[in-house]
Amino acid sequence: MMYVSGKNLIVFILTVFVLTGCKEPEMQLSTLGKKLPAPSLKGESPFDQDFDTQNYARVQGSCDSRVGTILVSFDKSVWHQPPSSPDLTDTALAAGLANDSDCSDGSFDIYLTKNDLQNIWGITTGSSGTDIDYIYIKGSSIIGDTETLTLVDGDANNPGSGSNGAAAYVVLEKSWPRGFAGSNQCGSFSAFLNTANGQRAVHTADVSFQLSKTAAGSTYRGITAYKTWNDCQSDANTTDTFTIPAAAGYTEIYYRFPASPIDGILSFKIINTSALSASTTSADVTLRNSEASSIYRWLSLDEHSSQIYKNICYPFRLRSHNYNNSSAYDQFGGTLDVAASDARMKFYTDASCGTVASSYTFTSYDPVIVGYIKFSEATASDTPALVDLTVTGATGNYYSYDTLPLNFRVDLSSKSIAAKLDLWGPRDIGNGYCNAYNVVTMNANGTMLPVNGDLTVNLATKESNLGYFFEDESCATPITTAVVAKNTALKKVYFRASVANAGSYHFNVNAAGLTNHTPIVNISTPITQFKIAPIDMIAGACKAVSIGVADGAGIFRIADQTYNAPISVSITPTPGSNVIFADPSCSVPASPSYITVGSGMGAAVLYIQTAGLNGKLLNLTVSAVAGVSGTAFSGTFQ
């Protein structure tokens, strides 16, 4: 059993919709619901190991090879990738031991050590304290995080714990936005296995099942199911039977909702299970009109920090969405009423939390409302306050706004001073792209907390030659420091990678007096452009012209597939004879209209006989093809 000191683990949640560039982030709904299965445990459960004696627990598992890195949490709120080299202090583990948190080979093998729990997850271990009942493990992939593997303490005598247990029920939930769907749109459901006491579980054999669909108490047939998101989008391979594979514990179901919205609720239920029992709880969906003229909208929180500190003014951002999966840029914005379940939480219109508000209004053509909240409390407590916020469309609106209650946790502790740094932003980025990040100051509990004075933060990377930080969204002005201004907790900066090789690297953000942070960043080098190698423009011989493929940073790459592109080569004034050749001796004439960079090749090569071309202009154009931009060159022979 693993124990930690203190009465509670106080944590924060940050839900950031990944910024694929440097502009205002838009919700990319085409990937929602495409979660891969959760990793699975192999080897001994960490709860069956003697953590108090050995100061570590080893966790081994299997995972889908499409998954990138493994992330670990102890509360399903704070997620971190295990460090590549675990801190082995006070353990008997051999020096040089490495964590394998990369799932590309289908497995992972990590050590959760005492010092890493404290320094990375903020958990101080000891022989007495709070019993950790759960360890959560998931993987990250290009289509989002996987489902979560939940490891449960096997001691049923402790409240909230219990054995992993046998699977007993098949449960269904509507994926985000939960409870709502748009007409003629694809949406997804999660089907998973639970134990009798509600914990996630797996089964030793496949579990197949079907779904019933009802509206107003009657069977509803005007809806079609698919096994994949792509099938739903292309209306192919329909199905009415689904399977949760053995040891997976989870599957995803995709529906194309009817083209005509109904005035009521669609209820989905598990039926006809091949094993186990079907949950009696239905997944209810209100079907809204998704046409451009629809008055229906649904709301989400952007860049949402779910843990805040008492007596501090925090911003929050509400985004309005159409039910056709786009942000709602309405000319005449509607008004939202807001309320909190705890009277100590109030809403405000200004960044100093001076003017109390009970409603907010979208401005014309802006899908985002920026408001402010503050929880007022004079006393200190190690137990956080939990607050539900409700947002509804105000009476008389032209638009109807849907949302579910929003949950906040309030840090009531006496830890009122910023103590450590973090860097919030995309974990996976592509070479050459400008990406937005927030430098964040937090207290010892991991709660975002403003600084008492201007704080200079050094911006660097742990490994050399990874790229540069910038102060602007076009990544034009490089910087090595950033200032978190007095009475603020965030400073936006930008980073553009320019690595020689793809891989996992580390940022290094540090400031005097604060615990520093070296978060992991996975940098890929996808091919995005054709590129012409420098051309020798001295006339007089047979000269090679190389055309290759490059990533976003302009670095030549080996082709990962065959690329065919139209090209145009012209020399003016016209030399009067063919000067384009296929061989390095310029003896085999060629009139290329296409170049081919074959899979595994570095470049395609053509040759120009430059004898007698002094003063003539060369124009070379390579046209763009799907996913790869074109390029051009113009120069005069000397």
Side-chain angles (χ1 to χ4, degrees), residues 1-4 9 11 36-126 130-141 145-155 158 160-165 195 199-202 247-250 427 504 520 522:
M1 185 176 296
M2 300 170 60
Y3 290 91
V4 297
L9 303 178
V11 295
L36 294 173
S40 59
L41 183 68
K42 64 180 182 182
E44 188 178 24
S45 168
F47 291 107
D48 294 333
Q49 302 174 38
D50 190 353
F51 184 88
D52 289 337
T53 299
Q54 62 189 23
N55 289 322
Y56 73 89
R58 185 180 187 183
V59 185
Q60 298 170 281
S62 301
C63 43
D64 193 301
S65 59
R66 291 171 292 178
V67 173
T69 54
I70 286 294
L71 307 174
V72 178
S73 174
F74 295 93
D75 59 2
K76 236 177 183 180
S77 297
V78 176
W79 294 90
H80 288 295
Q81 180 179 346
S84 57
S85 299
D87 189 331
L88 306 180
T89 305
D90 297 328
T91 74
L93 295 170
L97 186 73
N99 277 328
D100 174 15
S101 57
D102 182 355
C103 276
S104 60
D105 60 354
S107 65
F108 64 93
D109 188 354
I110 58 177
Y111 293 82
L112 302 175
T113 69
K114 178 188 71 172
N115 277 18
D116 284 339
L117 291 182
Q118 177 175 340
N119 297 328
I120 297 176
W121 285 273
I123 300 173
T124 303
T125 62
T130 300
D131 180 9
I132 295 178
D133 292 327
Y134 301 94
I135 300 175
Y136 302 97
I137 301 175
K138 66 181 179 181
S140 61
S141 76
D145 291 342
T146 69
E147 276 298 298
T148 301
L149 167 66
T150 302
L151 303 179
V152 187
D153 188 343
D155 186 356
N158 288 327
S161 65
S163 65
N164 281 319
T195 64
Q199 298 164 357
R200 290 292 183 96
V202 297
Y250 163 87
R427 177 185 295 267
S504 293
I520 289 174
N522 302 313

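Screening residues 89-100 for salt bridge (Lys or Arg N to Asp or Glu O under 4.0 Å) gives D90-K114 as the qualifying pairs, with residues at least two apart or on separate chains. The ring-ring contact (aromatic ring centres under 6.0 Å, His included) contacts involving residues 88-113 comprise Y56-Y111, where partners must be two or more places apart or lie in separate chains.
Under 3.5 Å, the side chains of T113 and N115 contain no donor-acceptor pair of N or O atoms.
Partner P86 forms a side-chain contact (heavy atoms from CB on, under 4.5 Å) with one of L93, N99, L112, T91 and no other, that one being N99.
Closest approach of C63 to S107, counting heavy atoms only: SG-N, 3.8 Å. Here the shortest heavy-atom pairing between S62 and K42 reads OG-CD, 3.6 Å. Between I110 and S101 the shortest heavy-atom distance is CG2-CB, 4.1 Å. Of all the heavy atoms in S504 and N522, the pair that sits closest is OG-OD1, 2.5 Å. Of all heavy-atom pairs spanning P39 and I70, the tightest one is CG-CD1, 3.9 Å.
Of the inter-residue distances, the one linking D87 atom CG with L97 atom CG reads 12.0 Å to the nearest 0.5 angstrom. Here the CG atom belonging to D109 is positioned 4.5 Å from the CD atom belonging to Q60, to the nearest 0.5 angstrom.
For D102, the side-chain hydrogen bond (donor to acceptor under 3.5 Å, both in side chains) test picks out S104, with sequence neighbours left out.
Between V72 and Y136, the closest side-chain pair of non-hydrogen atoms is not below 4.5 Å. You'll find the side chain of L41 reaches within 4.5 Å of the side chain of S45, heavy atoms only. Residues D116 and P82 form no side-chain contact, since every pair of their non-hydrogen atoms from C-beta on lies 4.5 Å or further apart. With a 4.5 Å cut-off on side-chain heavy atoms, P46 and I135 count as touching.
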